[in-house]
Amino acid sequence: MKATVIATFFGVFLTCTYTAKDATKKTKKAKLYVPQIDCDVKAGKIINPEFIAKCPPGCQDVKYRVYGTDIYASFSSVCNAAIHSGIIDNTGGKILVQKVAGHSGYRGSFSNGVRSLSLPRWRESFLVSEGKPRKGVTYPTTLEYSSSKSTTVKSEPKKPEQDLKGMKSADTANTSEKALEEGDTVRKENQTTPVPTPATQMATTTPTPMTTTTDPSTTMPQPTKTPAATRTTAAAAKTRPGLHRVRDMGSSSVHPAYASVVAAAARQVQAAQGRGQNTGVQRQEPVATFQRAASSPAHLAMETDSWKPGLNLFYTGFSSKEELNPKPLEPISQGNQNCKVDLSFLMDGSWSIGKRRFQLQKRFLGNVAQALGIGSAGPLMGIVQYGDDPSTEFNLKTYANSKDLRNAIEKIQQKGGLSNVGKALSFVNKNFFLDANGNRGGAPNVVVVMVDGWPTDRVEEASRLARESGINIFFVTVEAAAQSEKQNVIEPNFVDKAVCRTSGFYSINVPSWFSLHKVVQPLVKRVCDTDQLACSKTCLNSADIGFVIDGSSSVGTGNFRTVLQFVANISKEFEISDTDTRIGAVQYTYEQRLEFSFDKHSTKQDVLNAIKRISYWSGGTSTGAAISYASEQLFSKSKPNKRKIMILITDGRSYDDVSMPAMAAHQNGVIAYSIGVAWAAPDELEAIASDPAKEHSFFVDEFDNLYRYVNQLIQNICTEFNSQPRN
């Protein structure tokens with residue numbers, strides 16, 4: 001009996017064991033379901049931070065644009081990027097996609113039959129690899145997409161009663177106004193975007209308050225001293241005993257341009273104390289609104305609130321030592337205000353130049369500093385010396401007048417080494433034009449490269465990346481290679497490859513170091529011609545953008561405020577100043593009104609405040625007349641080197657013809673985008689838009705959905721800009 005029971009028990013046990021093993025085998029054999037995506041799907045449209053997908057055949061096509069090499073901007077076609085990287089071919093296949101942070105520059109290249117484009121920067125990137133699951137990662141079987149384009153509804157002409165009674169309910173209007181005042185918080189929560197990356201968290205550029213507690217007597221830097229912190233080097237581990245010993249001595253950390261302000265404020269404090277008054281003094285300096293591409297990789301991350309006037313200021317007090325012991329200081333030179341540029345000279349310190357010619361180079365730089373008229377409101381100048389490795393001699397904020405700058409140049413010691421110009425340009429691009437080093441933002445960034453003979457490394461790629469980051473590059477070449485020496489030149493015609501145009505404006509050749517003094521004035525004239533400094537322009541700092549806003553009765557007060565929020569959200573993504581992107585606005589009904597012109601506001605905060613102040617007009621809808629008015633009042637006064645972009649927002653069919661005014665605007669070089677809401681007519685939107693109309697016209701069914709097209713609109717503007725020839 002016992003034997004029978006035991007046998008039965010073991011039989012059941014073995015049966016269960018084999019059943020479990022079979023189940024395990026079946027589980028192991030279960031395959032991951034891989035979702036399929038279309039060729040035109042961009043990585044930014046998919047919310048999942050990491051996923052495996054299957055690409056169909058036929059994605060190798062120029063219409064599926066790709067930006068970058070190895071690492072791609074998120075509005076690239078996923079499948080065509082996979083072909084470009086060699087993961088799949090045009091027959092399609094499985095790929096693994098991983099979202100990563102945005103980059104400050106994407107390099108275009110031709111690979112595997114696909115031409116990718118360059119892009120200065122973007123908020124999000126992605127990597128593609130073989131479609132094999134990574135250990136421990138669970139992949140979605142269904143991909144999440146961000147909101148797609150709203151379906152176009154059939155448009156009808158607005159009825160007169162719609163013009164009078166077409167306003168939204170009071171609740172909707174109040175909600176829209178609240179959204180305008182409190183920012184885009186609600187919309188951001190509803191927006192289906194990828195998990196924030198470090199890049200998207202860096203969008204807000206409000207500076208950290210700085211407090212100065214240094215004695216005013218030490219605020220003026222001595223000519224023989226440079227702060228050690230400003231002397232950065234690409235190879236910090238290498239030290240050169242004996243070189244730069246004088247400049248390594250300690251120095252004040254206070255910007256010399258603040259010296260007179262500090263002294264004057266301190267005297268006011270002392271005088272007030274003498275009168276028995278309890279007076280607090282604060283110094284305020286507006287922060288620069290222009291951010292260079294390389295220093296702001298997250299330019300499209302949406303801010304929580306558009307309306308934050310007054311936050312972009314430094315608040316700095318004074319210590320009791322300053323208040324009790326103020327010392328008068330000489331006023332700081334304002335400089336040549338007709339030449340407001342931030343300038344870096346790449347100084348040749350290689351052994352090939354020799355000691356005597358190195359002295360001639362220093363004399364030349366001193367003469368240029370004198371001719372420029374260095375000052376806090378004019379040009380600022382720093383110097384990077386290069387040899388084997390580059391290092392900063394002094395940056396933009398170290399000296400604020402020509403005299404001190406010339407004395408400092410005389411103290412520079414020769415580095416020696418090779419003439420690695422390409423490495424020096426990369427160093428300047430990444431390290432020199434930073435806010436911490438005195439970059440003012442509203443001033444164009446300029447690099448002048450001094451070359452004795454020829455570079456010992458390649459310059460083309462480093463120059464291109466620097467230009468796309470917003471840097472204007474000039475080359476001054478002295479004593480070019482002789483015929484017998486040309487075989488030693490690594491990159492023939494290196495100047496033509498380094499500058500953006502070969503017209504001769506950006507390059508000067510000097511036959512001898514002894515005749516270098518003759519080019520001081522020609523170089524200064526070119527560097528100060530800010531209207532000609534257009535080669536470094538990106539899609540964010542190269543346009544005159546005019547908004548043409550429908551203020552008709554059917555829009556309503558609340559919806560009009562939502563439109564203004566949309567205009568503000570677009571404007572704040574551009575780099576705004578006199579020398580960069582400029583913003584203008586027109587409102588129209590039956591009539592037209594110029595709200596502000598391109599030359600009215602030169603900072604981003606001023607533009608945002610001006611948009612906020614636009615008052616709702618109310619009336620009819622004459623869109624054709626508004627286009628003609630904008631052409632005459634806005635775009636006829638655009639600068640020659642600016643792209644003219646018109647963004648028109650309307651909610652209904654026009655009472656007049658739009659095709660002829662739009663055609664005239666197109667012929668005058670205006671790139672037109674049309675944004676239609678609610679009753680807007682699709683045929684009119686296409687007539688207003690530039691070709692191809694699909695990329696220049698948008699439609700939403702209601703005003704609260706306008707925000708969805710902020711990023712798309714800027715993507716299209718950047719795509720169009722980057723597809724144009726740069727040289």
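The analysis underlying the following values was restricted to heavy atoms, covering all of them including side chains, and did not include hydrogens, waters or symmetry mates. This structure is a prediction, so every number in the text was calculated from the model and none was measured.
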Restricting to side chain to side chain contact (heavy atoms under 4.5 Å, CB included), what partner residues turn up for [X], sequence neighbours left out?
| X | value |
| --- | --- |
| Arg464 | Arg107, Ser118, Glu461, Arg467, Glu468 |
| Ala543 | Ile545, Thr581, Arg643, Ile645 |
| Ser515 | Val510, Pro511, Ser512, Lys518 |

Original post:
If you look only at pairs with a residue in residues 335-389, which of them pass as a disulfide (SG to SG under 2.5 Å), with sequence neighbours excluded?
Top reply: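 Applying disulfide (SG to SG under 2.5 Å) to every pair that reaches into residues 335-389, excluding sequence neighbours, yields Cys339-Cys528.
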Applying side chain to side chain donor-acceptor pair (under 3.5 Å), name anything that partners [X], two or more places apart in sequence or on another chain.
| X | answer |
| --- | --- |
| Arg526 | none |
| Asn509 | Thr477 |
| Asp599 | Ser597 |
| Trp454 | none |

Original post:
Can you list every pair that meets side chain to side chain donor-acceptor pair (under 3.5 Å) and has a residue in residues 357-366, with sequence neighbours left out?
Top reply: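 For residues 357-366: Arg357-Glu479.
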Original post:
Judged by modelled atom types alone, do Ser426 and Asn429 share a side-chain donor-acceptor pair under 3.5 Å?
Top reply: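 Asn429 and Ser426 do not have a side-chain donor-acceptor pair below 3.5 Å.
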Subject >> Set of salt bridge (charged side-chain N to carboxylate O under 4.0 Å, His left out) partners for Lys639, sequence neighbours left out >> reply: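 Listed in chain order: Asp531.
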**OP:** Could you tell me which residues satisfy salt bridge (charged side-chain N to carboxylate O under 4.0 Å, His left out) with Asp457, sequence neighbours excluded, listed by chain and number?
**Re:**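 For Asp457, no residue satisfies salt bridge (charged side-chain N to carboxylate O under 4.0 Å, His left out) once neighbours in sequence are set aside.
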Original post:
By ring pair (Phe, Tyr, Trp, His ring centres under 6.0 Å), which residues pair with Phe474, not counting sequence neighbours?
Top reply: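 Checked Phe474 against ring pair (Phe, Tyr, Trp, His ring centres under 6.0 Å); matches are Phe505, Tyr506.
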